[in-house]
Amino acid sequence: MPDPMVLILLGPPGAGKGTQALRLAEVSGLRKISTGDILRAHVAQGTEMGVRVQPIMERGDLVPDALILEIIRHELSAMEEKRAVFDGFPRTPAQAEAFGAMLSELGVPLHAVLLLEVNPSELAHRLLQRAKQEGRSDDNEITIRRRLQVYEEQTRPLIDYYRTRGLLKPVAGLGEVDEVFARIQEVL
Ligand code: AMP
């Protein structure tokens with residue numbers, strides 16, 4: 001069985017984390033775990049959790065750490081081979097701390113944190129494009145602004161958190177999907 005390993009894709013909304021996580025999953029056999037996708041599935045199915053998180057997501061705020069950590073614990077324990085790429089998690093220092101503890105308990109190394117860097121004007125442009133293409137209910141102008149602000153306030157501290165642990169690998173997120181993916185492969 002291949003060795004357990006975890007990668008994290010970090011970056012603001014619209015940086016291309018989901019797209020690149022999918023590529024990584026395809027070429028490296030890692031399982032893509034996207035907390036946003038899991039939450040959206042709950043909303044679509046109208047589960048108890050879905051009903052609870054829907055208004056939070058529509059505002060562009062973060063759902064409570066405890067709930068996210070419950071999801072992650074469940075996902076990890078259900079995996080026979082603990083090889084995964086995380087998209088959109090962790091998003092707060094508390095999530096990062098708890099995730100680190102979970103991984104060391106399981107003996108799973110955190111291999112790297114890929115930081116997708118894209119400038120703010122490009123981000124807003126991409127998110128509005130996605131709104132037209134996918135019709136995500138949180139891709140409207142007001143929510144986009146809120147999500148970018150939430151990233152700055154609550155998620156950006158993770159950059160230093162992982163940099164000081166020697167895990168951060170910045171990657172320029174501008175350009176075609178293939179170009180960005182090539183840069184990711186280079187740094188890994
Ligand atoms: P995403 O698709 O990753 O942009 O996530 C969409 C929304 O789901 C976010 O705006 C949050 O409301 C919620 N969400 C996803 N992942 C997390 C997380 N790790 N912590 C808190 N909220 C999250």
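Sequential numbering from 1 along the given sequence is applied to the chain's residues. Each ligand, and each atom within it, is numbered from 1 in the order the structure gives.
A cation-pi arrangement is present between Arg165 and Tyr161 under the rule of less than 6.0 angstrom and at most 45 degrees off the ring axis.
Contacts with ligand 1 closer than 4.0 Å are made by no heavy atom of Asp87, backbone or side chain.
Those atoms of ligand 1 with a heavy atom of Thr35 less than 4.0 angstrom away are 15 (C), 16 (N), 17 (C), 19 (N). For ligand 1 and Gly88, the ligand atoms under 4.0 Å from any heavy atom of the residue are 16 (N), 17 (C), 18 (C), 19 (N). Counting atoms of ligand 1 from 1 in the listed order, those under 4.0 Å from a heavy atom of Gln95 are 18 (C), 19 (N), 20 (N), 21 (C). Near Arg40, meaning under 4.0 Å from one of its heavy atoms, ligand 1 places the atoms 2 (O), 6 (C).
For Val63, a nitrogen or oxygen atom sits less than 3.5 Å from a nitrogen or oxygen atom of ligand 1, counting backbone and side chain alike.
When Ile68, Ile71, Leu69, Asp65 are ranked by how near their heavy atoms come to atom 18 (C) of ligand 1, first place goes to Ile68.
In terms of protein heavy-atom proximity, atom 11 (C) of ligand 1 is closest to Asp61 O, 3.4 Å. For atom 8 (O) of ligand 1, the closest non-hydrogen atom of the protein is Met57 CE, 3.4 Å. When hydrogens are left out, the protein atom nearest atom 15 (C) of ligand 1 is Arg91 NH1, 3.4 Å; that is the closest non-hydrogen contact. Among all non-hydrogen protein atoms, the one lying nearest atom 13 (C) of ligand 1 is Leu39 CD1, 3.5 Å.
Using a 4.5 Å heavy-atom cutoff, the side chains of His111 and Leu167 are not in contact. No side-chain heavy atom of Leu62 sits under 4.5 Å from any side-chain heavy atom of Ile68. Using a 4.5 Å heavy-atom cutoff, the side chains of Glu81 and Arg31 are not in contact.
Arg146 and Gln149 form a side-chain donor-acceptor contact under 3.5 Å, judged by distance and modelled atom types alone.
For Pro93, the side chain to side chain contact (heavy atoms under 4.5 Å, CB included) criterion is met by Pro157, Leu158, not counting sequence neighbours. Every side chain to side chain contact (heavy atoms under 4.5 Å, CB included) that Asp160 has, sequence neighbours left out, goes to Arg163.
Around CD of Glu153, the count of heavy atoms belonging to other residues, nucleotides or ligands within 6.0 Å exceeds 12.
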